[in-house]
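Since the structure comes first, as structure tokens, the remarks are kept for the end.
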Amino acid sequence: MTIFDKIINREIPADIVYEDELSLAFRDINPQAPVHILLIPKQKILSLDHLKSEDQDLLGHLLLTAKRIANEEGLDNGYRIAINCGNDGGQSVDHLHIHILGGRSMTWPPG
Ligand code: 5GP
């Protein structure tokens, strides 16, 4: 059980911006940009590395949903999608999540 399961189950509060039968999106508690939203599958998937071939439709749904949320947030000048995976990738919560970051110019490469 991670903090994200508790958000899905409404056991702890979150600023939820989008929900459908497969996914949930809420604002990051420690935003790294003016807009910083986390989009997660409701299904428990530990990380990108744990995706299976049968998750292909879900991943497509998540990416299209990320785009839709970015559009609804008014990120017309662009945005960044990030998925941290594993220790070296900087993943700190063991539940697959897509970061949607925008509202400022991003730098590259990420640290
Ligand atoms: P990661 O570092 O795993 O890629 O991203 C995890 C993200 O979850 C971090 O950006 C962190 O700020 C966010 N986060 C951790 N705990 C909570 C929480 O309880 N509520 C919300 N809204 N975000 C959280």
Side-chain angles (χ1 to χ4, degrees):
M1 172 81 80
T2 70
I3 199 90
F4 292 172
D5 293 295
K6 293 184 179 169
I7 289 174
I8 291 169
N9 295 332
R10 306 304 203 267
E11 291 167 18
I12 63 165
D15 187 355
I16 292 170
V17 298
Y18 176 85
E19 180 170 24
D20 63 29
E21 68 280 6
L22 297 175
S23 64
L24 185 71
F26 50 90
R27 295 191 193 279
D28 196 295
I29 204 166
N30 182 24
Q32 301 301 311
V35 173
H36 187 173
I37 291 168
L38 300 172
L39 173 63
I40 66 174
K42 290 183 172 174
Q43 180 188 334
K44 175 85 174 189
I45 296 172
L46 291 178
S47 78
L48 189 78
D49 204 50
H50 290 78
L51 280 171
K52 300 188 173 75
S53 53
E54 58 262 34
D55 298 320
Q56 147 168 312
D57 288 351
L58 174 63
L59 189 60
H61 175 79
L62 289 171
L63 281 175
L64 285 168
T65 301
K67 172 196 117 79
R68 174 174 163 181
I69 291 169
N71 294 162
E72 285 173 359
E73 289 289 320
L75 302 178
D76 300 333
N77 205 36
Y79 51 91
R80 179 165 294 165
I81 296 297
I83 302 176
N84 297 327
C85 182
N87 287 333
D88 278 359
Q91 182 175 2
S92 63
V93 179
D94 289 334
H95 187 125
L96 175 64
H97 48 284
I98 296 177
H99 295 262
I100 304 162
L101 296 141
R104 68 169 170 85
S105 184
M106 300 294 154
T107 58
W108 190 264

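One-based numbering, in listed order, for ligands and for the atoms of each.
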Q. Which pairs with one or both residues in residues 30-41 pass side chain to side chain donor-acceptor pair (under 3.5 Å), sequence neighbours excluded?
A. Asp28-His36, His36-His99
Over all atoms of both residues, closest heavy-atom pair of [X] and [Y]:
X     : Y     : value
Ala66 : Ile98 : CB-CG2, 4.4 Å
Ile69 : Ala25 : CD1-CB, 3.5 Å
Leu62 : Ser23 : CD2-CB, 3.7 Å

(Q) Could you see if Leu101 belongs to whatever hydrophobic cluster contains Val35? Use Ile, Leu, Val, Met, Phe, Trp, Tyr and a side-chain cutoff under 4.5 Å. (A) no
Q. So if you build clusters from Ile, Leu, Val, Met, Phe, Trp, Tyr with side-chain heavy-atom gaps below 4.5 Å, do Val93 and Ile37 land together?
A. no
**Q.** Every residue of the protein that comes under 4.0 Å of ligand 1, judged on heavy atoms
**A.** Ile3, Phe4, Ile7, Phe26, Arg27, Asp28, Ile29, Asn30, Leu38, Asn84, Gly90, Gln91, Ser92, Val93, His97, His99
